Number of protein chains: 2
Amino acid sequence: MPDAADPAPMNARRKFRREGEERRRQDLVDATLDSVAEHGLEGATVRTIALRAGVTAGLIRHYFPGKEDLLQEAYAALMGRMTEQAKAALVMEDASPRQRLAAFVTANLNAPIIDQRVFSLWATFIGRAGADPSLARAHREGYLGFRNEVEAVVAEVLAAERRKPDAAELRRHAIAINAIIDGLWIEGCLAGEMFSPGELAAIGIKTVEAELGLVPPEQFQEK
Amino acid sequence: MPDAADPAPMNARRKFRREGEERRRQDLVDATLDSVAEHGLEGATVRTIALRAGVTAGLIRHYFPGKEDLLQEAYAALMGRMTEQAKAALVMEDASPRQRLAAFVTANLNAPIIDQRVFSLWATFIGRAGADPSLARAHREGYLGFRNEVEAVVAEVLAAERRKPDAAELRRHAIAINAIIDGLWIEGCLAGEMFSPGELAAIGIKTVEAELGLVPPEQFQEK
DNA sequence: GGCGTTGTTGTGCAAGTGTATAAATAGCCT
DNA sequence: AGGCTATTTATACACTTGCACAACAACGCC
């Protein structure tokens, strides 16, 4: 119960704490992504973002020249996290190239990469790539980086099979496999409950191996 | 040169013509799609849309209860055109199932289905499917319709090869092939100039046929 | 403890938003 | 030709938007 001495300062100014610059920018970026995921770019206003970050709108202008800059930084952060997670599945020691490829596909077709929120963000931003050159370039770089990773693993897999593809063939494999992963990723994000757990990953591995012309690993499946 | 009798009605009201209701709604929907493609949902204001349609903003409210209804109708129109075009490639008389499947893949991986503007629209709208249930349902129906088409053709192709897949296997094939087409479609829309004409379609056909376990048609390729 | 720095708040403003509504006029009917 | 009516324009309004700026207070430093 409040003490009798209740000052009741009608026009009390809000209490606040000074966070580090790093932390505040991070919070604002996260709040931006949350706002965009929930209400789209149209609903991501400086006030909505600030409210979610637990600050007032004016503070945004203290850390970013304008709202557009905050959006760009948020998009960059999103892309960074996505590619980072995707590539993380590739660092496996003591695994055959084929196992690493399968692990890569599996990682990309399960949580947390299969995620409706991330998909909404990706779609919302990428939808403006056609009009915004800076967004288009950011996507292009992320896409090529991803495809190069795929190409590198494919080269290892085929080398282990004593096959010597030329550059053009390797490129076609990478394009196709990238498409398979992307397509299944979208299906999973948009209608995840239509698939049983692990089903998309199983389909992905099977399709990718068929694309590469690998014989089914009977000894593993039949046991 | 103007005649001497220049009335110069300073506050002249704009001349206009009365178009039919059908035509006006169509124009407004088209203008809406143009605005969204160019400036995103945030930039698609009633005034922008009206300006593009050659009318004034107030008229929108005469044909639609609110802006949201116009947007929904525009999305429905977009989806309708996309699936219509995609399915059109399937109506081929006097063609083997395998040829029809190849034609289907080819049609989906060339203009006008591979198109940056359409992709921008698709991404912009689909990005809100996570938050807007009506959008999510619209997509779900379109997706399942498309996948069922694929499944039907796949069944014919396999039947012609004397293979009897069960329902689960057929479903997996349709999911995988749908993913291949979607993934390549995205790659083509976002970075069309990175691929030579027909390259995506060639990759798509090859990957789809590998997924189905069809033997390469040597007699056609080697000639 | 006092003080300066600066992160943070609160308020204000011009431009833009969707919507409501009155005024005008184009085109059809007789 | 002259009116009727529905289409279209134009204006108004309440509200939101991004941004500018002054006041304030949290924290480090002496």
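These numbers come from the heavy atoms of this one structure, side chains and all, not from hydrogens, waters or symmetry mates. Please read all numbers here as calculations on a predicted model, not as lab measurements. Chain naming here is simple, since letters A, B, ... match the order of the sequence lines and numbering starts at 1 in each.
Checking side-chain atoms of B:T48 against main-chain N and O of B:A44 turns up no donor-acceptor pair under 3.5 Å. Listed for the B:N178 side chain is no donor-acceptor partner under 3.5 Å among the backbone atoms of B:A174. Judged purely by atom type and a 3.5 angstrom limit, B:R100 uses its side chain to pair as donor or acceptor with the backbone of B:L90. Panel note: side chain B:T207, backbone B:I203; a donor-acceptor pair is recorded below 3.5 Å.
Looking at residues 34-54 of chain A, you'll see A:A44, A:T45, A:V46, A:R47 sit with a heavy atom under 4.0 Å from some atom of DNA chain D. Remark: B:G66, B:K67 in residues 62-76 of chain B come within less than 4.0 Å of DNA chain C through at least one heavy atom. Residues from residues 17-28 of chain A that place a heavy atom under 4.0 Å from any atom of DNA chain C, listed by number: A:R17, A:R18, A:E19, A:R24.
You'll find a donor-acceptor pair under 3.5 Å spanning the side chain of A:R13 and the base of C:dT9, going by distance alone.
Counting to the nearest Å, the C1' atom of C:dT9 and the CD1 atom of A:I60 are 13 Å from each other. What separates CG of B:L59 from P of D:dT9 is a distance of 6 Å, to the nearest Å. If you measure from atom NZ of A:K15 to atom P of D:dC24, you get 14 Å, rounded to the nearest angstrom. Residue B:F16 contributes atom CZ, which lies 7 Å from atom C1' of C:dA24 at whole-angstrom precision.
For the pair B:R128 and B:Y75, the NZ or CZ position fails the cation-pi test of under 6.0 Å to the six-membered ring centre and within 45 degrees of the ring normal.
Judged as a side-chain contact (heavy atoms from CB on, under 4.5 Å), and not counting sequence neighbours, the contacts of B:T106 are B:N110, B:A201, B:I205. Annotation: salt bridge (charged side-chain N to carboxylate O under 4.0 Å, His left out) contacts of A:D30 (sequence neighbours excluded): A:R81.
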Could you list the donor-acceptor pairs under 3.5 angstrom formed between side-chain atoms of residues 179-186 of chain A and any protein atom two or more places apart in sequence or on another chain?
| residue | atom | partner | partner atom | Å |
| --- | --- | --- | --- | --- |
| A:W185 | NE1 | A:I113 | O | 2.7 |

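Ionic pairing of A:E38 and A:R52 is present here: one or more N-O contacts between side-chain nitrogen and carboxylate oxygen are shorter than 4.0 angstrom.
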Audit row: B:E199, A:R171, side-chain contact (heavy atoms from CB on, under 4.5 Å) steps and yes/no: CA-CA 11 Å; B:E199 183 178 18; A:R171 172 170 171 274; 2.5 Å; yes
Worked verdict on B:E169 versus A:K206 for salt bridge (charged side-chain N to carboxylate O under 4.0 Å, His left out): CA-CA 12 Å; B:E169 193 178 338; A:K206 206 172 154 193; 5.8 Å; no
